[in-house]
Amino acid sequence: MADPSWGEHAYATLLLNDAYLPGALVLAHSLRDAGTTKKLAVLVTLDGVTADAIVQLKTVYDYVLPVPRIRNDKPANLYLMNRADLHSAFTKINLWKQTQFSRIVYIDADVVAYRAPDELFDLPHAFAASPDIGWPDIFNTGVMALTPNNGDYHAMMAMAERGISFDGADQGLLNIHFKNNFHRLPFTYNVTPSAHYQYLPAYRHFQSSINMVHFIGPDKPWRAGRSASYGSAAYDEMVGRWWAVYDRHYREKEISQLANGSGNYNQAYESQKNASLADVKFDTPAGGSGYQSQAPRQIFPWESHQPKPTRSFYGDEPELQPQTPSRTAPAAKSTARSSVTKSPPKSPASRTSDNKSEAGTGSWTTYSRTNAWDEVPGISKYADAVEKHHRSSSRGKEGEEADDDEEDEEARGFKKVTDFPTETERPSLPVTPAPVPRGRDSTGKVLPAAEGVPPQSEWMSLHKCGVADVEFPVKDPTAQLEKLAQQQSAMLLRKLGGHKEGFSGGSVGSQTRIAQSAPVVLSPRPVKGTAAAATRSLERQMNEEESGKS
Ligand SMILES: O=c1ccn([C@@H]2O[C@H](COP(=O)(O)OP(=O)(O)O[C@H]3O[C@H](CO)[C@@H](O)[C@H](O)[C@H]3O)[C@@H](O)[C@H]2O)c(=O)[nH]1
Ligand SMILES: [Mn+2]
């Protein structure tokens with residue numbers, strides 16, 4: 001019988017036990033929300049993953065594929081990195097046995113996709129991966145584009161049986177097997193934030209090109225809980241993106257289960273549940289009373305006679321913040337498969353510095369105090385421009401106040417110093433030279449007439465004869481000027497078109513040859529036919545004039 005998945009492209013992840021179930025679910029949702037057109041597969045070891053978990057996986061994955069666990073019987077090297085829990089990471093080798101797929105993009109379960117990197121399926125290379133942050137000459141095995149084949153599979157199985165791996169897990173084995181025979185993907189496909197080392201300026205500069213974030217190490221977002229802070233704004237932001245996806249699909253369900261007193265929780269949610277309890281207990285009718293003793297000590301006198309709060313329910317609260325913005329399609333795009341819950345995207349990724357002490361004051365404390373869009377360069381640039389315009393128009397009347405505004409803005413840290421104009425923006429920056437009086441220099445001295453400049457009448461007819469297929473009404477100077485302005489902008493567009501090509505090639509590295517790289521920054525209409533010929537001819541004409549003058 002023909003296998004219907006033969007030759008298909010599929011994203012695949014791995015689930016060895018229920019402990020990573022929240023990760024696997026969030027990963028799948030993040031890809032679907034981003035509008036992927038590819039199938040989703042999860043490899044599961046049935047000795048570790050429960051039936052309940054498989055039911056959940058089936059709501060969002062197209063294929064749940066049981067695979068044999070491959071354990072490292074010589075796990076000594078795992079202790080070198082303090083990750084004894086990775087004793088069965090060799091199970092990833094099963095990916096190369098999935099020859100029903102022509103191409104697999106493997107993604108660890110601790111990854112959240114900011115956009116769906118479907119272009120990785122079109123790479124011509126048999127194997128591709130991003131650099132590892134701990135040793136950038138090798139690749140990280142959390143994101144890999146691969147072509148399943150029995151040769152690699154058997155070679156790596158032979159290594160696994162002998163425990164050949166410098167870290168005791170799959171990354172140490174795969175890097176020995178592939179050595180330098182891997183195509184190096186940009187880091188943006190596997191951004192591995194570290195709470196210990198963060199190159200913040202680079203993060204701010206490149207954050208808009210992040211494709212996927214991978215939470216390496218033992219502290220996964222779902223273990224630390226929604227409100228944990230890692231002491232790094234960048235890290236917290238990325239964890240916030242993971243929670244935004246989680247909340248979009250599961251927060252409402254979680255809350256209704258708690259409100260119903262349903263204790264029927266999957267074990268994998270244990271730690272998560274505790275964190276959620278802290279977050280939601282005051283949203284639920286029954287929640288408040290048991291926790292009054294945790295209310296903070298009174299500080300201000302009016303706190304003793306504050307009005308009694310009226311009951312409020314989850315869903316009544318005002319929308320404090322929109323969904324974390326993403327360059328991906330909205331949640332509504334997700335398919336019918338993601339029918340676990342139909343949570344509207346109302347819960348933001350909430351990050352607070354110390355939720356535990358604030359828990360007693362209610363769930364609103366877990367909302368972020370920043371706007372999610374503060375980090376979107378396009379929006380902050382627009383806001384900048386609006387403020388600047390406002391300032392310059394008010395400066396005339398109330399100059400001093402306007403200056404104060406500017407100081408405030410800096411104090412608020414509104415400006416991001418790495419927020420440079422992009423390549424495509426730079427040429428369009430307006431230049432307004434100071435007016436120089438006609439026929440005089442800056443000191444007012446009368447200048448001699450320029451030599452070799454044709455009189456105005458000739459200047460107009462000169463252009464007429466140079467431009468093919470374009471009729472110039474020589475006698476009408478206004479129309480003439482308009483025409484010139486149009487040609488001027490056509491030329492500029494053509495120049496920018498050249499920039500665009502360079503940009504899309506460079507964004508992923510030209511050697512990666514990634515097809516249809518998604519975000520087109522600027523798409524000028526091609527200047528066609530006679531108009532193009534006219535523009536070229538005009539350009540030539542102007543060049544000749546230029547050289548003729550000097
Ligand atoms: O108890 C576990 C442990 C792991 N996994 C799966 O195995 C993957 C790898 O484990 P993970 O905790 O994500 O490892 P990392 O912290 O990311 O550590 C690095 O080192 C690992 C071992 O070499 C590689 O597998 C990773 O890709 C690499 O990023 C996970 O994402 C899951 O898909 C489970 O399902 N359950
Ligand atoms: Mn991982």
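Computed from a prediction, not measured in an experiment: that's the story for all the values here. Order of appearance sets the numbers: ligands from 1, and atoms from 1 within every ligand.
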Exercise. Taking the side chain from Y61 and the backbone from A24, do they hold a donor-acceptor pair closer than 3.5 Å?
Worked result: yes
Problem set entry | Y230 side, atom OH; E237 side, atom CD - distance, nearest 0.5 Å | 14.0 Å
Problem set entry | The single option from L185, D132, N175, N190 passing side chain to side chain contact (heavy atoms under 4.5 Å, CB included) against F139 | N175
Problem set entry | atom 35 (O) of ligand 1 - nearest protein heavy atom and its distance | L16 N, 2.8 Å
For this session: May I ask whether A19 places a heavy atom under 4.0 Å from ligand 1?
Result: no
Exercise. How does N140 reach ligand 1, if at all, at less than 4.0 Å between non-hydrogen atoms: by side chain, backbone, both, or neither?
Worked result: side chain
Problem set entry | atom 19 (C) of ligand 1 [closest protein heavy-atom partner, distance rounded to 0.1 Å] | Q171 OE1, 4.2 Å
Exercise. Are there more than 12 heavy atoms of other residues, nucleotides or ligands under 6.0 Å from atom CZ of F166?
Worked result: yes
Exercise. Heavy-atom contacts under 4.0 Å between V111 and ligand 1: side chain, backbone, both, or neither?
Worked result: neither
Exercise. Got an N/O contact under 3.5 Å between L15 and ligand 1?
Worked result: no
Problem set entry | R103/D122 ion pair, N-O < 4.0 Å | no
Exercise. Please walk me through it: do E8 and Y63 pass side-chain hydrogen bond (donor to acceptor under 3.5 Å, both in side chains)?
Worked result: CA-CA 12 Å; E8 261 181 353; Y63 304 112; 2.7 Å; yes
Exercise. Taking the six-membered ring of Y106, is the NZ or CZ of K92 close enough (under 6.0 Å from the centre) and on axis enough (within 45°)?
Worked result: no
Exercise. What residue and atom, counting heavy atoms only, is the protein's closest point to atom 13 (O) of ligand 1, and at what distance?
Worked result: D110 OD2, 2.8 Å
For this session: Take the Mn ion (ligand 2) as the vertex and measure to OD2 of D110 and NE2 of H214; round to 10°.
Result: 100°
Exercise. Charged N to carboxylate O under 4.0 angstrom, D62 versus R32?
Worked result: yes
Exercise. Is there a donor-acceptor pair closer than 3.5 Å between any side-chain N or O of D108 and the backbone N or O of V111?
Worked result: no
Exercise. Are any of the N/O atoms in I216 less than 3.5 Å from those in ligand 1?
Worked result: no
Problem set entry | Numbered atoms and elements of ligand 1 in range of G142, under 4.0 angstrom, heavy atoms | 27 (O)
Exercise. Under 4.0 Å between a Lys/Arg side-chain N and an Asp/Glu carboxylate O for D118 and K38?
Worked result: no
Problem set entry | Considering only N, O or S atoms of D108, the one closest to the Mn ion (ligand 2) | OD2
For this session: State whether the side chain of T13 and the backbone N or O of I107 hold a donor-acceptor pair below 3.5 Å, judged by distance alone.
Result: yes
For this session: Check ligand 1 against K220 and write out every atom of the ligand that is under 4.0 Å from a heavy-atom position of the residue.
Result: 11 (P), 12 (O), 13 (O), 15 (P), 16 (O)
Exercise. Judging by distance only, is a nitrogen or oxygen of H214 under 3.5 angstrom from one on ligand 1?
Worked result: yes
Exercise. Are any of the N/O atoms in L14 less than 3.5 Å from those in ligand 1?
Worked result: yes
Problem set entry | Minimum non-hydrogen distance to atom 1 (O) of ligand 1, winning option of N17, L86, D108 | N17
Exercise. Tell me, which protein residue and heavy-atom name are nearest atom 31 (O) of ligand 1, and how many Å apart are they?
Worked result: A109 N, 3.1 Å
For this session: Distance to 0.1 Å, residue and atom name: give those for the protein heavy atom nearest to atom 18 (O) of ligand 1.
Result: R83 NH1, 4.1 Å
Seminar exercise, completed: Value for CZ (R184) from CG (D137), rounded to nearest 0.5 Å, stands at 7.0 Å
Exercise. At what distance is the nearest protein heavy atom to atom 25 (O) of ligand 1, and which residue and atom is it?
Worked result: D170 OD1, 2.5 Å
Exercise. Taking N or O atoms only and a 3.5 Å limit, does Y20 qualify as a polar contact for ligand 1?
Worked result: yes
Exercise. Which atoms of ligand 1 sit under 4.0 Å from any heavy atom of D167?
Worked result: 23 (O)
Exercise. Quick one: which ligand 1 atoms are inside 4.0 Å of a heavy atom on K92?
Worked result: 24 (C), 25 (O), 26 (C), 27 (O)
Exercise. Would a distance-only check, ignoring hydrogens and angles, find a side-chain to backbone donor-acceptor pair under 3.5 Å from D219 to G217?
Worked result: no
